[in-house]
Each structure stands twice: as structure tokens, then as C-alpha cells.
Participant: 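This is the structure I have questions about; it appears just below.
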Amino acid sequence: MLVRDAMSTVVLTIGPAHTLRQAARLMAARRVGAAVVLDPDTSGLGILTERDILNSLGQGQDPDHETASTHTTTDVVFAAPGWTLDEAADAMSHGGFRHLIVLDGDGPVGVVSVRDIIRCWAPTRRHPAELVG
């Protein structure tokens, strides 16, 4: 199975000036765990994850004043739609992250998460009582 088969095509794109509260609201509304941060000044892509927001809050920072740019990961590993799920899982495992931005051409076309991969790899859902044996 390939990344294109597992990825979410809901790509939330925010700017570096968004506050963490704004980012969290948008992520919650779209039910995604990561936002692609597009900085027009650098022509670069980064990623802001729920973990980044949680770490900021855990440090006592104010989500109404902290901006995405301060918490964005810019050293990003990108996936291609034609990668296998094994390749994506290996990249995540070695990099210690849970989301990959999927690029096709010049722009993001999706995001694949560990959860997306697990859904594809997991057997047909069974009732928990069936798993006890």
C-alpha cells in the first residue's frame, strides 16, 4: 500500500503569524493533528503539530501570544505519494515524529500520520472480546 492510499487530503495550511490558540482551533475544527506552516517570506514549508502546542502550554507559555513561527519544525522530512507505507513508517521511526507532509510537485497534497498507517495495516476491526484468547 502507498502513502497516497493512506494520507489525509485535508491539508490545513497556516501562516507563521498565527497564534498557537488560532492554530489549535483550526486543527480541532478540521480534526487534524498537524498544520502545514507556509512562510511566504522564506518560500518554505514547516509543520506545527499538536505536540508542539502541548509542549508550549506545558512550559507555561501564553497561546495567545506565542506564534506558529516560534514552534514550527522547519527541518522537515517530506514524503511522496508513491512511497510505500513501510518507507513512511521508517522515516517517522528514525526521525521521531508522527506526521509527514506529502509533496507532489511544488506543493503539499496531503499529510500522513502514524494513525493513518496503522489504520491501513490493522486487520479488520474486531470486537475486543474476540482479541482475548
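The residues of the chain are indexed from 1 along the displayed sequence. Given the structure is predicted, the values throughout are model-derived calculations rather than measurements.
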Participant: Could you work out the complete set of other residues in the hydrophobic cluster of Leu2, with links drawn between I, L, V, M, F, W and Y side chains under 4.5 Å apart?
Facilitator: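 Grouped by the 4.5 Å side-chain rule, Leu2 forms a cluster of one, so the answer is none.
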Participant: If I compare all heavy atoms of Leu57 with all of Gln61, which pair ends up nearest, and what's the gap?
Facilitator: CD2-O, 4.0 Å
Participant: I need the minimum non-hydrogen distance between Ser113 and Met92, along with the two atoms involved.
Facilitator: C-CE, 3.8 Å
Participant: Return all side-chain donor-acceptor pairs below 3.5 angstrom for residues 20-37, not counting sequence neighbours, or 'none' if the list is empty.
Facilitator:
unit_1: Arg21; atom_1: NE; unit_2: Asp64; atom_2: OD1; d: 2.6
unit_1: Arg21; atom_1: NE; unit_2: Asp64; atom_2: OD2; d: 3.2
unit_1: Arg21; atom_1: NH2; unit_2: Asp64; atom_2: OD2; d: 3.2
unit_1: Gln22; atom_1: OE1; unit_2: Thr19; atom_2: N; d: 2.8
unit_1: Gln22; atom_1: OE1; unit_2: Thr19; atom_2: OG1; d: 3.4

Participant: Could you tell me if the side chain of Trp121 sits less than 4.5 Å from the side chain of Asp86, heavy atoms only?
Facilitator: yes
Participant: Show the atom names and distances, to 0.1 Å, of all donor-acceptor pairs under 3.5 Å that link a side chain in residues 9-18 to residues at least two apart or in another chain.
Facilitator:
unit_1: His18; atom_1: ND1; unit_2: Gly15; atom_2: N; d: 3.0
unit_1: His18; atom_1: ND1; unit_2: Gly15; atom_2: O; d: 3.3

Participant: Residues two or more places apart in sequence or in another chain: which of them pass side chain to side chain contact (heavy atoms under 4.5 Å, CB included) with Leu54?
Facilitator: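 Per chain and number, Leu54 pairs via side chain to side chain contact (heavy atoms under 4.5 Å, CB included) with no residue.
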Participant: Which pair of non-hydrogen atoms, one from Leu48 and one from Ala68, has the smallest distance, and what is that distance?
Facilitator: CD2-CB, 4.2 Å
Participant: Determine the sole option in Asp5, Asp104, Leu103 for which the side chain to side chain contact (heavy atoms under 4.5 Å, CB included) test with Pro81 is passed.
Facilitator: Asp104
Participant: Could you pull out all residues at least two apart from Asp90 that satisfy side chain to side chain contact (heavy atoms under 4.5 Å, CB included)?
Facilitator: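 Checked Asp90 against side chain to side chain contact (heavy atoms under 4.5 Å, CB included); matches are His94.
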Participant: Should Arg115 and Arg98 count as side-chain neighbours, where that means a heavy-atom distance under 4.5 Å?
Facilitator: no
Participant: Under the rule for side chain to side chain contact (heavy atoms under 4.5 Å, CB included), what residues qualify as partners of Val3, not counting sequence neighbours?
Facilitator: Met7, Trp83, Leu85, Ala88, Val102, Val112
Participant: As an exercise, state the distance from CG of Asp52 to OG of Ser56, rounded to the nearest 0.5 Å.
Facilitator: 9.0 Å
